[in-house]
Amino acid sequence: MSILINKNTKVVVQGITGRDGAFHAQKMKAYGTNVVAGVSPGKAGQNLEGIPIFNSVGDAREATGANASVIFVPAPYAADAILEASYAGIELVVAITEGVPVKDMIRVMPVLRQRGTQLIGPNCPGLITPGECMIGILPGNIFKTGNVGLMSRSGTLTYEVVNLLTENEMGQTTCIGIGGDPVAGLYYQELLQLFENDPDTKGVVLIGEIGGDAEEQAARFIKERMTKPVVAFIAGQTAPPGKRMGHAGAIISSGTGTAEEKIKAFAEAGVPVAKEPSQIPGLLKRLLDK
Amino acid sequence: MSILINKNTKVVVQGITGRDGAFHAQKMKAYGTNVVAGVSPGKAGQNLEGIPIFNSVGDAREATGANASVIFVPAPYAADAILEASYAGIELVVAITEGVPVKDMIRVMPVLRQRGTQLIGPNCPGLITPGECMIGILPGNIFKTGNVGLMSRSGTLTYEVVNLLTENEMGQTTCIGIGGDPVAGLYYQELLQLFENDPDTKGVVLIGEIGGDAEEQAARFIKERMTKPVVAFIAGQTAPPGKRMGHAGAIISSGTGTAEEKIKAFAEAGVPVAKEPSQIPGLLKRLLDK
Amino acid sequence: MKIHEYQARNLFRKYGIPVPDAVVCHTVEEVEALVPDDGKLRVIKAQVHAGGRGKAGGVKLARTKAEAVENARKILGMDIKGYTVEKVLVGNAVDIDKEFYVGLINDRNNKAVTLMVSAEGGVEIEEVAKVSPEKILKVTIDPMMGLMDWQAREIAMRFFPDIRHARTAADIFRKLYALYLDTDSSLAEINPLVITQQGDVMAIDGKMNFDDNALFRQPELLEMREVTPDEQKEIDAHAKGLSYIKLDGTIGCMVNGAGLAMATMDMIKLYGGEPANFLDIGGSSNPQKVIDAMNILLSDKNVKAVMINIFGGITRCDDVAKGLITALDQIKTDIPIVVRLSGTNAKEGLEILKSTGLPTVKTMSEAASKAIELSKI
Amino acid sequence: MKIHEYQARNLFRKYGIPVPDAVVCHTVEEVEALVPDDGKLRVIKAQVHAGGRGKAGGVKLARTKAEAVENARKILGMDIKGYTVEKVLVGNAVDIDKEFYVGLINDRNNKAVTLMVSAEGGVEIEEVAKVSPEKILKVTIDPMMGLMDWQAREIAMRFFPDIRHARTAADIFRKLYALYLDTDSSLAEINPLVITQQGDVMAIDGKMNFDDNALFRQPELLEMREVTPDEQKEIDAHAKGLSYIKLDGTIGCMVNGAGLAMATMDMIKLYGGEPANFLDIGGSSNPQKVIDAMNILLSDKNVKAVMINIFGGITRCDDVAKGLITALDQIKTDIPIVVRLSGTNAKEGLEILKSTGLPTVKTMSEAASKAIELSKI
C-alpha cells in the first residue's frame, strides 16, 4: 500500500514536448511509471519515445483513461493547465512548474475543491511510491520500498533525507515534495491523514522550512489525530527575518513562521525535531522500535 | 399545505426604507405575512411601523431568524442584495426589482446554486400562499385559499387569471410570479415539481409568454413527470418577431420562442392551452372533475 | 440596444480582434476622399439596423475606386426594410479560404453565457440552427472562471486543424468574451470569422446587441446609439414610464402590465381585429401617464378605436377611474374608447366612469368585441 | 518586490483611494520650489525600503515652509537601517480624529486573499497581532466573487458607526482589493486609514509588496522598481539562475536546492560557524553556473572558507564533479574550499575530485566541521 499513487496510476504529461517535459517524461517511464499520454496542443498523433501525444488533456483522458497528470508547462500557463486537467476529470494533478503567480493559484483553488481534484505543488519535485510509480523530477534511484512516509517543502533536502533513510535500510511507502509556494495544493495535514490511514506506513518524516505556519498546524494535527510516530526537521533556523530563501514561501514575517516557533510547536506535540538531517533515521528508528 | 412559503415563513425586507420597500412592507404585514425585519444600512435600531430595521441581512437573520427575504433595492444594487441574503443564510430570496442587468444575475447564479438559496425573480411580483403569507407586491385580496397552483411570467395577467379562478370558486395553494427576465431564479420545471409533490395542490395553471423556450421545456417536463393536470395560457401570440414587449425576456429570436411553438409543445404534452384567459377556469375544472 | 457593423468593428479593434482595413463614409464625396485609388478589391456595405441587407442590394464589390464610388452612390440613400442607408462601410476585400460563425449569447436555460461556433459561417446562423443544429457547437461558459485559455483552445482546435490558426481563433474567442462582458452585451457575433488565403484569421462582419438594463453603466455605448424615428417614439415613451411599440393594426390599446398587454393584443386578434400597438402604462393611476399614453396612441393615424384594459391590483380601480376621468377631460378626440376595469374595486370604478358616457365593460372579451365593433363604424 | 510609500500613494490615487496632497522631493531645492508658503502644517517623511523610520527620525512635522525645508535637509541623506534616504514625501498634515489599519495579504492557510481591519491603526500591526489578535478582524475573500459590496459595507459598519464614513471606507476596501488583484500584489496596507476632524475618510500612509513571480506581466511595476546595491547583487545572481542572499558570517556556501542550502547554513551554525550567505545554484551541473556562483561568493571579503554541498539527484555527482573541476580551474583563490558530494554517483564524483587536491567529504556534517576548521586557520 501507499498513498495517492501506485502501480495502477496512469499518468499524462502536460507540456511533454518542452525541454523539461520531454526529459522527465522519459525518466518517469524509465522508472516504471505508467506514462500513458502526453499533451501538446497541435501535436496530436505524434509520440515521444512511444508515449502518444494528444491535443488536450480531455482527449488524452478519453483515449487512455489517465487519472493523474504532471505539469511542465511554463509558469504563465501553468494555472490554466491545472484547470484543464481538473475539468478533464483528472483526479491527481502534480504541478512541477516553478514561478507560478500566487493570484493564478488562488483563482484555481475553488475549482479544484468543487471538482474534487487533488493537487500537489506547484513548484514541487513531485511524489513517488518506490518501485511502483514516480511522478515528477525525483531521482528514483535513491528511494527504496519500505514503511516510512515522507513529506517535504524542499527538493534536494528531501533527497538528502531519503538517501539517509535508504542508507539506513528504512524504505518508504510514499514520499511527497509538496512545494514551497505560498499557495499550494495538498499540505501536511491532508497528507498526514492519508499516511495515518495507510496500513503500510509505520512512521512519518516531516521536513519543514521557515515561513508560514503550516508546520505549527501540522504539529497540532499530529497531537490531536495521529497515532503513528512522526519525526520533523526544520530548515532555515539561521535565516534572517524578511529574507527570501529561494522559495517564495520561505519568508519570515509578522513574527510567525520562525524556526523556533515551529520547533516549539513540534515539541509540544511530542514530535522529536532533528538538529541535523543525519539524526532523522535514528530518531525515527527509536520511535518505531517502541 | 403549499409550496415555498406558509404561515411559518419569516420575512426580512431588503431596502425597507425606500419608497416601494416601505409601502409594500406594510402591505405584506397587513396581509398577515410574518414580516420580522427590514434592512437599511446605517438605520439599525429604527423601525417601520413596528418592523425592526437592521444594518445587514446577517444582523437581521441573527436577531429574528428570518428565512426568506424580499428585495426592493434599486437595480444597480439588486444582485449584491441577493448575494447578501444568500451569504446570510436566507433560504428563499424574492427579488422584486426591475431592470437588473443580466450579467449581474449570471454572476449571482452559481453562488445561489452552491449555497442552496432559492430565488424567485428578479423583475417579478412575488408569490403568495393565500391566507398565510404574501411576499412581494401581489394584491392579496384577489387570492383565495384552495387547491390550484399557479405560476406565471407576467404580473397583471396573473391577477387577471387569479381573479377569474377566484370568481369561479377555484382557490389557490400557492401562486408564483416567476418574473420575465432572461436569467431568473426558480422556473416552471422546479415549481411544477414542487406542486407535484404538494398534496394539497390538485391542478396547476401555467401562464407563459413568447420568447425563450421555458414553456417548451415545461411541456416536456409535464409529459414526463407530472401526474396532476396542468392548463396553460401563452401571451404574445400576435407580437411581431424581434420586438420587445416590456419584458426583456419576451423577445422572439432565432425562430424559437414563438407562441405557435409553445402551444404545439403543450398540445404534444396533452396540456390544454386556453385561447383567452377566461377559458382557464373551465378547462381546469373539466380536468379536475375527471 | 443595437449598434452598426462599423461600430462593432471599432469595438473588435479596441479589443485586439483582427479586422480588415475599412472606412465609414456618409457621402459619395467621403468615398472619393477616403478610398485610395490602389486597384484593391473592396466591399461596400450599407450600415443599417436591419438583417438581409445583402439580398436587398446593400452589399456590393468594387474592383476600382471609380466602381467603389459608383456603388456607394447606389447604396447610400437606399431603403432597406424601412431603414434609409445613411452610411456605408468601405473595406478591403479579403481572399477567403474558409468561413466560420462565432457567437456569444445570454443563455436562459443555463443561466450563463453560451459560446456558439460553427464551420457554417457567412450564412444566417438561424437557418443553420433550424436545418442542421448539430453543426453548431455550443459551450456554456462558467460564469466564475470565464472562457478559460485551454477551453478556448480546445474549441478552436475542433475547427482549425492548423494549431497557429487555432491559437489565433482561441485568442479571438477570449477577446470577444472580454468585450461581451465589459460592455454588458446580450449578443456578440462574428460572422464570418475567416481564414484568408494568406493564412490570417480575422473577423469580416460583426454584430452586437446590448442589455438595455445595463446602459446606465455603459456611457460609451449610449454615445453610439442611433435611433430611427419609430425607436425614438418608444424611447420617449419609456422615459415617461410607458412601454410602447407601434404595430400596423387599427385598435389602439392601453393596458397596465406587459403580459396583460400582450394578452389584450392577442384577444383583439382572436376577435377579428388587429392591434395598432403594444402599450404598457405600468402600475400607477397617475393621470399624467394616462394622458401621455393616450397622446402617443392617438398620434398613430391608423387607430380607429381604443381599448383601455386595466386590472386593479395594488392600484385600486376607483383610483384608476379618477385618473382616467382627469385624463380624458384633457384629451378631446372623436375616436371611440372602450374602458374595461376589473379587479380591486372594479365596481366602484365602473360606477365613477358612468358619468363619462364611455362604454365600460367588466371583461377583456367584452372590451375587445366592443372596440372592434366601434372601429368598423 | 517592494515600492516606496509615495509610489503606493500614486497607485492609491489612480484607484480613487483618497490621500492627502503631497509632493516627492529629491533635494532641499525641490522642497524650496515645490512646497507653497501657506502656513499649513506638513509632514516630511523619508522614502526608504525600511520599517521603523519614525523611530529613526525619518518623519518630522513642519509648521512653516522654512521648517519644512529645514527638516527635509535633516532627513535627506540620513541612514535608516542601512538605507540612505534619497527622497522625502512632503505632504499636508491632516487633523486626525481616529486611526484604523486596513491590509490585504495572500493567506496560505485559506488559499485566498484575506482582508484585515483594525481600529488599532497607526501602530505596527505585527505588534497588535501579537498582543491583542482579537482586535484585528480578518475576512477571507472568496476568490470567485471578490470583495462584495455588501460584505465591504458590513465590515466597514463594524468600525465606522456613521454610515457615510462606512460607505467611504467600504469603497476604499473594494478599491484596494481591485488594486491588489490588478497589480499581483502580495501585501497592500493602508496604515493609518483615518477619519479627519473634518469628517473625511482617507489613507495617510500605504505599503505595497508584489509577487515577484508575476512581474513578467506587470511592466508598470518594473518601472517603479528601485534596488539597493545588495538587492542588485541578488537580482544579478537570479538572472544567472542563482539564488543569492548575503549574510554576515565567514563561511561561504554553495548548494544545489533552497531547502538544502538553508539546512547547510543551519549546520554551519550548529557546528559553531557563521554562514556568509545563502546561495542556491539550482539543479544543473553547468560549469558556468559554478563559476558565476564562486565569483559572487568570493566577492564577499568576509568569506574565510567555502563549503560546497551538492546532492546528486537527477543530476549525477560525477557530472557535477566535472563541472566543478572546470570551474575551479578558472578561479584562482587562496580561500580554502571543502567539497561534499552525495547521492547519485557520489563515489565516482569524489574519485574525480581527488585529482584537485580539494578536501572532499561524503556528509554535510563533515563538510561543515571541516569548513569551519579551515576558516580559523
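What's counted below: heavy atoms across the whole structure, side chains too, no hydrogens, waters or symmetry copies. Since we're looking at a predicted model, the values are computed, not measured.
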**Message:** Using heavy-atom distances under 4.5 Å, tell me whether C:Tyr271 contacts chain B through its side chain, its backbone, both, or neither.
**Reply:**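 The answer is the side chain of C:Tyr271.
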**Complete:** Okay, C:Phe311 and chain B: the region with an atom under 4.5 Å from a heavy atom over there is both
**Message:** Please identify, among C:Thr363, C:Val113, C:Leu181, the residue contributing the most non-hydrogen atom pairs under 4.5 Å to chain B.
**Reply:** C:Leu181
**Most chain C-contacting option - heavy-atom pairs closer than 4.5 Å, from B:Ser152, B:Ala184, B:Ser278** =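 The answer is B:Ala184.
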**Message:** Heavy-atom pairs under 4.5 Å with chain C: which of B:Pro139, B:Ala75, B:Ala214, B:Pro110 has the most?
**Reply:**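 When all of B:Pro139, B:Ala75, B:Ala214, B:Pro110 are compared, B:Pro139 has the most.
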Does one side chain, of [X] or [Y], offer a donor that lies under 3.5 Å from an acceptor on the other?
{"X": "C:Asn106", "Y": "C:Tyr180", "value": "yes"}
{"X": "C:Thr250", "Y": "C:Asn302", "value": "no"}
{"X": "B:Gln172", "Y": "B:Thr166", "value": "yes"}

For [X], which atoms come within 4.5 Å of any heavy atom of chain C: side chain, backbone, both, or neither?
{"X": "B:Leu138", "result": "backbone"}
{"X": "B:Pro125", "result": "neither"}
{"X": "B:Ile207", "result": "neither"}
{"X": "B:Val111", "result": "both"}

**Request:** Please state whether the rings of B:Phe72 and B:His24 are parallel, tilted or perpendicular, taking 30° and 60° as the class boundaries.
**Result:** parallel
**Message:** Do the side chains of B:Lys262 and B:Glu209 get close enough for a salt bridge, i.e. N-O under 4.0 angstrom?
**Reply:**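 Judged by the 4.0 Å cut-off on N to carboxylate O distance, B:Lys262 and B:Glu209 do not form a salt bridge.
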**Prompt:** If you measure from the Lys or Arg side-chain nitrogens to the Asp or Glu carboxylate oxygens, is any gap between C:Asp184 and C:Arg217 under 4.0 Å?
**Reply:** yes
**Prompt:** Closest heavy-atom contact between B:Cys124 and B:Gly177?
**Reply:**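 Looking at all heavy atoms of both residues, the closest pair is CB-O, 3.2 Å.
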